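Below you'll find the structure, written out as C-alpha cells, and then a few comments.
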Amino acid sequence: MENWRSSAHRLLRLCSNHPSGYRFSRMVRKSAHSEVLCRHEGAFTQIQPPILQKKRHFELYSHHLPLRWVIGKTPGTQSRYFCFMATKIERNSTFAQLNSDDISYFKKFLGEKNVIQEEDALLAANIDWMHKYRGSSKLLLQPRSTEEVSQILKYCNSRRLAVVPQGGNTGLVGGSVPVFDEVIVNVSLMNNIISFDKVSGVLVCEAGCILENLISFLDNQGFIMPLDLGAKGSCQIGGNVSTNAGGLRLLRYGSLHGNVLGLEAVTANGEVLDMLSTLRKDNTGYDLKHLFIGSEGSLGIVTKVSILTPPKLSSVNVAFLACKDYFSCQKLLLEAKRKLGEILSAFEFLDEQSMTLALNYLEGVRNPLPPPLHNFYILIETTGSNESYDKEKLEAFLLGAMERDLISDGIVAQDIQQASSVWRIREGIPEALTRAGVTYKYDLSLPVDKINDLVKEMRNRLGNLATVVAYGHLGDGNLHLNISASQYDDAILAQIEPFVYEWTSKNQGSISAEHGLGLMKANKILYSKSPLTVQVMASIKKLLDPNGILNPYKVLPQSMVA
Ligand SMILES: O=C(O)CC[C@@H](O)C(=O)O
Ligand SMILES: [Zn+2]
C-alpha cells in the first residue's frame with residue numbers, strides 16, 4: 001500500500017491530467033479527510049466512477065460540476081474514500097452570503113409562501129432535468145409580477161447576491177440551476193396570457209406560461225405556436241425565449257429571433273426594459289430584444305413576451321420512413337425541400353441506436369415498421385390547408401423517393417393517434433436516454449453532409465466503451481449527438497472532448513445549435529465565436545450587469561466577466 005503522501009501526489013497527477021481541467025484542490029493535502037483517505041486506502045486509481053455507483057455518490061460526480069468533494073465506498077466493504085477536487089470554477093468571492101435580513105426583506109413584499117426555504121422544494125430547483133448539475137441554493141423566490149422581479153433584482157444587485165433565473169428547469173446544459181448558492185428566481189407564477197389579436201396573430205403573455213398551455217390556448221383560437229418541443233409540458237415561454245429554443249417546427253417557422261416581436265426584461269439593477277412591441281416592422285435603431293433572446297438569463301430576466309403566431313392549418317400528414325444509409329437521408333431531404341416545398345414542416349432523423357433505445361425504454365412505443373431495424377429513420381411532417389393537394393404532393397414525393405431507392409420502407413400515419421405515436425418515438429429519445437444510464441450530450445449545428453462523418457468518427461473512437469446515439473433536426477442541420485454509458489468515466493470523456501468541439505469548429509459548425517452554452521459550454525465558446533466577438537459579448541454583459549449577479553458562471557468564461 002502506498003503511503004498517503006505518494007498517493008496524494010498520484011491523485012494530483014491524475015487530476016491535473018483530467019481532460020476537463022480539474023485540478024486537485026490544494027486544501028486536500030492539508031485536510032483531515034485527505035489523510036483519512038490516504039491512510040485508509042491509498043489506491044487512488046480506484047477513485048474512479050465504478051466505485052461511485054450509488055446514486056448519492058453518482059450525483060456528486062459530474063464532469064461539468066464544480067466538484068467539491070466525492071465520497072466513494074467500495075461495494076461490499078467498509079472502506080471509504082474521500083477525494084477533494086476543484087474545477088476551474090470557483091465561487092465568485094465578490095458575491096455576498098445570504099443572511100436573515102435578506103429573507104425578512106423578501107418576505108415583506110413577496111409574502112411568506114413565495115419565499116421558499118424548504119429542503120424538498122429547494123432540492124428540485126437546485127437539480128437539473130438530467131440530474132447532472134446540482135447547486136446548493138438556500139433560497140427560491142417566486143415573484144408574481146414584473147414589479148416584484150424588479151424589486152428582487154434591485155435588492156440583490158445592491159447586496160451583491162447572485163441570482164439564477166429559472167422557468168420550467170428543462171434545460172440540458174446546466175443553465176437553469178445554481179452552481180453554488182445563487183438565489184433562484186422562478187417565474188412560474190407569472191403565467192397570464194395578456195392578449196391575443198386574431199387579426200395580426202400576436203400573442204402577448206407572461207414569461208411563466210407553460211408552452212403546452214399556450215399551444216392549447218392558440219389551438220382553440222385556430223392558431224399555433226411557431227415553437228414546439230418535447231419538453232412542452234413543463235418548459236416555459238420565458239425560458240424558451242431566453243435560450244432561443246429551436247425545436248421541431250423551426251424548419252417551417254424559423255427561430256424565435258424571427259417570431260418574437262417584443263419582450264419585457266428586467267435588468268440586473270431592477271430596471272424594466274419595455275421592448276414589448278407587437279409590430280412586425282420597427283426600424284427605430286438597435287433592436288435590443290435580440291440581445292435577450294438566447295442570452296440564457298445572463299443579461300436580464302424576461303418577464304413578458306409578444307410572439308407572432310401562424311394560423312392553424314387543417315391538414316397535417318406524418319410519414320415515418322426507413323433509409324439504408326446516410327447518403328439516402330441527405331438526398332431525401334433535398335427531395336423533400338424541392339417536392340414538398342412550403343408544406344414541409346418537419347424533417348427529423350434518428351439512427352438505429354436511437355430506435356433501439358426508444359423501443360427498450362419507452363412504455364407503449366412500438367416500431368411502426370416491421371423488422372429488421374434500419375440504419376436510419378426519417379420523420380417527415382407536412383402542414384397545409386388543402387388536404388387532397390397535400391396528400392397528392394406527399395404521395396408523389398414518396399413514390400419518387402421509392403423509385404430512386406432513397407427509402408427502404410415507410411408508413412404514412414392514417415390518423416392523429418398514429419401520427420402522435422410516431423412523434424413519440426422521436427420526442428421520447430431524450431427520456432429513453434436518461435433511463436438507459438448516463439449521457440454525454442452534444443447539440444451541434446453542422447453542414448448536413450458532415451453530420452454522419454462525425455457520428456462515425458465518434459463510434460471509431462469509443463469502440464465498446466459507450467453507445468453513440470444520433471438523432472435530431474436534420475432539416476435544420478442540427479445533430480443531437482448523445483453518448484450513452486452505464487456510468488461517467490474519464491476514459492470515455494477523454495475520447496469525446498475536446499475532439500468533438502475541435503471537429504465541429506474545424507467543419508464550420510456550432511457547438512450549440514439550440515440548447516445554449518449554460519454551465520457546460522461557457523468555457524468552450526471560442527470554438528464557435530471569434531475572440532473579438534466574445535469580448536464584445538463580455539462588454540455587453542458588463543454594461544447590463546456590472547456586478548455579474550445574473551446567472552453567473554454561465555454562457556461566457558468566468559475570467560472575462562468576473
Ligand atoms: O436530448 C437531446 O440531446 C435533445 C433534446 C431536444 O432538443 C430534442 O430535439 O429532442
Ligand atoms: Zn432538439
Side-chain angles (χ1 to χ4, degrees), residues 66 68 89-128 133-169 175-192 206-209 236 238-239 242 264-274 296-304 519 541 544-554 561-562:
R68 274 140 284 173
I89 307 168
E90 269 154 27
R91 186 181 182 281
N92 181 335
S93 58
T94 64
F95 293 150
Q97 308 274 353
L98 196 71
N99 63 33
S100 55
D101 290 347
D102 301 325
I103 307 285
S104 315
Y105 177 81
F106 291 128
K107 280 185 176 166
K108 250 188 268 157
F109 72 95
L110 291 172
E112 294 267 342
K113 76 173 192 315
N114 293 323
V115 177
I116 296 167
Q117 294 175 282
E118 286 79 44
E119 242 176 63
D120 285 353
L122 279 172
L123 192 65
N126 267 304
I127 300 181
D128 75 314
Y133 303 93
R134 181 177 183 159
S136 49
S137 175
K138 299 277 176 290
L139 185 63
L140 164 64
L141 302 177
Q142 298 197 124
R144 288 155 298 188
S145 64
T146 302
E147 293 66 39
E148 287 185 351
V149 174
S150 160
Q151 206 167 335
I152 292 170
L153 290 189
K154 198 178 206 162
Y155 181 82
C156 288
N157 193 43
S158 67
R159 274 274 294 126
R160 303 282 195 281
L161 287 170
V163 167
V164 55
Q166 192 177 75
N169 195 11
S176 58
V177 286
V179 178
F180 297 101
D181 55 350
E182 299 87 279
V183 174
I184 303 168
V185 178
N186 188 301
V187 297
S188 300
L189 298 181
M190 297 169 62
N191 57 8
N192 293 308
E206 289 185 305
C209 289
Q236 298 169 7
S242 301
E264 177 189 83
V266 183
T267 58
N269 62 7
E271 270 165 359
V272 180
L273 272 182
D274 180 357
E296 302 181 54
S298 64
L299 300 180
I301 298 188
V302 171
T303 44
K304 289 186 186 117
L519 177 62
K541 165 79 177 167
L544 292 177
D545 179 16
N547 298 324
I549 62 155
L550 279 174
N551 222 2
Y553 323 107
K554 324 273 176 67
V561 283

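The model shown is predicted, which means the values in this text are computed figures rather than measured ones.
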### Task
Calculate, to the nearest 0.5 Å, the distance between atoms OG and NZ belonging to S176 and K554 respectively.
7.0 Å
### Beyond-backbone contact of Q236 with M190, side-chain heavy atoms, under 4.5 angstrom
no
### Query
By ring-ring contact (aromatic ring centres under 6.0 Å, His included), which residues pair with F109, not counting sequence neighbours?
Y105
### Backbone N/O of E271 and side chain of S150: donor-acceptor pair under 3.5 Å
no
### Query
Between CG of L550 and NZ of K541, what distance do you get to the nearest 0.5 Å?
5.5 Å
### Task
Flag the pair E182 / V163 as yes when at least one side-chain heavy-atom distance between them is below 4.5 Å, and no otherwise.
no
### Message
Using only atom types and a distance under 3.5 Å, with no angle test, would you say the side chain of N157 pairs donor to acceptor with the backbone of L153?
### Response
no
### Message
Is there a side-chain contact between N92 and P552 in this structure, where contact means two heavy atoms from C-beta onward sitting under 4.5 Å apart?
### Response
no
### Task
Taking all non-hydrogen atoms of both residues into account, name the closest pair between E206 and R144 and its distance.
OE2-O, 4.3 Å
### Query
Heavy-atom distance under 4.5 Å between the side chains of L110 and E148, does that happen here?
yes
### Query
Does the side chain of V185 reach to within under 4.5 Å of the side chain of P143, using non-hydrogen atoms?
yes
### Task
Give, for atom CG of D102 and atom NZ of K138, the distance between the pair rounded to the nearest 0.5 Å.
14.5 Å
### Task
Check whether any side-chain heavy atom of T303 sits under 4.5 Å from a side-chain heavy atom of V187, and report yes or no.
no
### Query
Out of curiosity, L544 CG to N269 CG, how far, rounded to the nearest 0.5 Å?
9.0 Å
### Task
Tell me, with the steps shown, if Q151 and K108 meet side-chain contact (heavy atoms from CB on, under 4.5 Å).
CA-CA 11 Å; Q151 206 167 335; K108 250 188 268 157; over 6 Å; no
### Query
Which pair of non-hydrogen atoms, one from G297 and one from S242, has the smallest distance, and what is that distance?
N-CB, 4.2 Å
### Message
For the backbone of I549 and the side chain of N547, can you confirm whether one donor and one acceptor N or O come within less than 3.5 Å of each other?
### Response
no
### Query
Side chains of N551 and S298: do they bring a donor and an acceptor to under 3.5 Å?
no
### Query
Can you find a heavy atom in the side chain of V177 that is under 4.5 Å from one in the side chain of V164?
no
### Task
Test L141 against every option in V183, N114, I184, N186 by the side chain to side chain contact (heavy atoms under 4.5 Å, CB included) rule and name the one that passes.
V183
### Message
Any side-chain to backbone donor/acceptor pair from K304 onto E264? Under 3.5 Å, distance only.
### Response
no
### Task
First locate atom SG of C156, then atom CZ of F95, and finally report the distance between them rounded to the nearest 0.5 Å.
11.0 Å
### Query
CG of L161 to CG of L98: how many Å apart, nearest 0.5 Å?
6.0 Å
### Backbone N/O of I127 and side chain of N169: donor-acceptor pair under 3.5 Å
yes
### Query
Passes side-chain contact (heavy atoms from CB on, under 4.5 Å), T94 versus R160? Steps please.
CA-CA 7 Å; T94 64; R160 303 282 195 281; 5.5 Å; no
### Message
Side chains of V266 and K154, heavy atoms from C-beta outward: is any pair under 4.5 Å?
### Response
no
